[in-house]
Amino acid sequence: MKTVLALILAIVGVVSGDLKDLGYPNYNCPGVMGPSATVPTNAHSVRPADIKVIGALGDSLTAGNGAAATNLDGMRYEYRGLAFPIGGDKNLDTHVTLANVLLKYNSKLFGQSHGIGTQTMWSQAQLNAAVSGSTSSNLASQALDLVHKIQTHPQIDIQNDWKLIHIFIGGNDVCAACYSHTETPQIWQDNIKKAIQILHDNLPRTIVSLTGLFDMVILRTIDAANDLCKVIHGIECKCDSEGYPNFDIEAVSRAFQAKQMELQTSGIYDDRTDFTLIVQPFLFNTTQPPKTADGQIDLTFFAPDCFHFSQYGHALVAKGLWNNMVQPVGAKTMAMNYSDPTTALLCPSASCPFIRTTKNSASCAHYLTPGM
Ligand SMILES: *[C@@H]1O[C@H](CO)[C@@H](O)[C@H](O)[C@H]1NC(C)=O
Ligand SMILES: *[C@@H]1O[C@H](CO)[C@@H](O)[C@H](O)[C@H]1NC(C)=O
């Protein structure tokens, strides 16, 4: 195994080349950039500029493993500052992340991560509580860690500050679902529920944004086009490997996705007016890998292992996430074109300038409040 990796490392070192990134200069949304006139009390009336605190739970994709690595050895470094939901390195002009977009609305946002480090390194991680290698079974302990950090930080007014907690989990679950009896859609949903319940029970004024799992058949599409990726995928994702040719990775991904949607449509987290859960489905139907103009897999989207995202990949994914946040439920984009870096970064709608939720998507009139 070591020699295989060393060999791949040498080859990938050559192809990865210089580090591309993607920013969004001059993002401006006239009339809808400001906060509410008074701090909202309802989760369905929260403008992007009302968000004071950002936090995240997840796995290596949220920890940012390998995002700025130039060879396979660099995959062990957690580039939290570049991670698509919560990275705060650079700025929106040079690197798109959800946190960097929110910083345009509120320069005093708290919680975004910086640089390289694990979840235990406060200066780097801040409120990025993701732990690389995690499956859904680790999510509850991450939630407890995050709650503790929020409860104890003197800069956070836990009662009054609006918090946005992002969750992205499931890649490692699907990669084990072909052989593990504990990786069923139901157990997966139960694990996510436990984590959200901890947030719900401990955090006033909170919006939980759950990024929908990708359809992992995309791995097999890439495998068919690129031998190098195929080898590494087989190592990093057992259920994608040749050892499990009959494992229907697409059907399992779809079953997991359905379990996420159930959590939103059940309305179980809408029992309190200052808490809600939204699923962002932009990866649900993203089955086409990024391609270059000549039709090859665009390796610049990936970290050197062809599995995690590069900083460029994080930026592209962040665009999809942000756009979903301001699109109403029922009209959220469900597939990204990874090959197209020119996708516009959307503004909140003037007629409903809030983070879109199930309730303000069904009818916004009830939640309209004046802006500053
Ligand atoms: C997403 O994919 C599913 C399954 O292939 C399909 O039924 C659905 O119409 C797609 N939805 C969108 C919005 O692309
Ligand atoms: C995705 O974007 C690329 C590059 O702009 C374009 O060539 C391709 O047609 C797009 N694919 C789809 C399905 O829109």
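Whatever order the structure lists ligands and atoms in, that order sets their numbers, starting from 1.
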State whether the SG distance for the cysteine pair Cys364/Cys352 is less than 2.5 Å. yes
Minimum-distance protein heavy atom relative to atom 11 (N) of ligand 2: Asn337 ND2, 2.9 Å
Scan the protein's non-hydrogen atoms and note whether one is under 4.0 Å from atom 5 (O) of ligand 1. yes
Please confirm whether Tyr79 and His308 have ring centers closer than 6.0 angstrom. no
Examine Lys238 relative to Tyr179 and say whether NZ or CZ is less than 6.0 Å from the centre of the six-membered ring and inside a 45° cone about the ring axis. yes
Can you list the ligand 2 atoms lying under 4.0 Å from a non-hydrogen atom of Ser339? 4 (C)
Among all protein heavy atoms in this structure, tell me which lies nearest to atom 12 (C) of ligand 1, with the distance rounded to 0.1 Å. Asn285 ND2, 3.1 Å
Exercise check, heavy-atom protein proximity under 4.0 Å to atom 9 (O) of ligand 2: no
Would you verify whether the NZ or CZ of Lys20 falls within 45 degrees of the ring axis of Tyr312 while also being under 6.0 Å from that six-membered ring's centre? yes
Asp21 bridged to Lys90 by N-O distance under 4.0 Å: yes
Is atom 14 (O) of ligand 1 in close reach of the protein, with a heavy atom under 4.0 Å away? yes
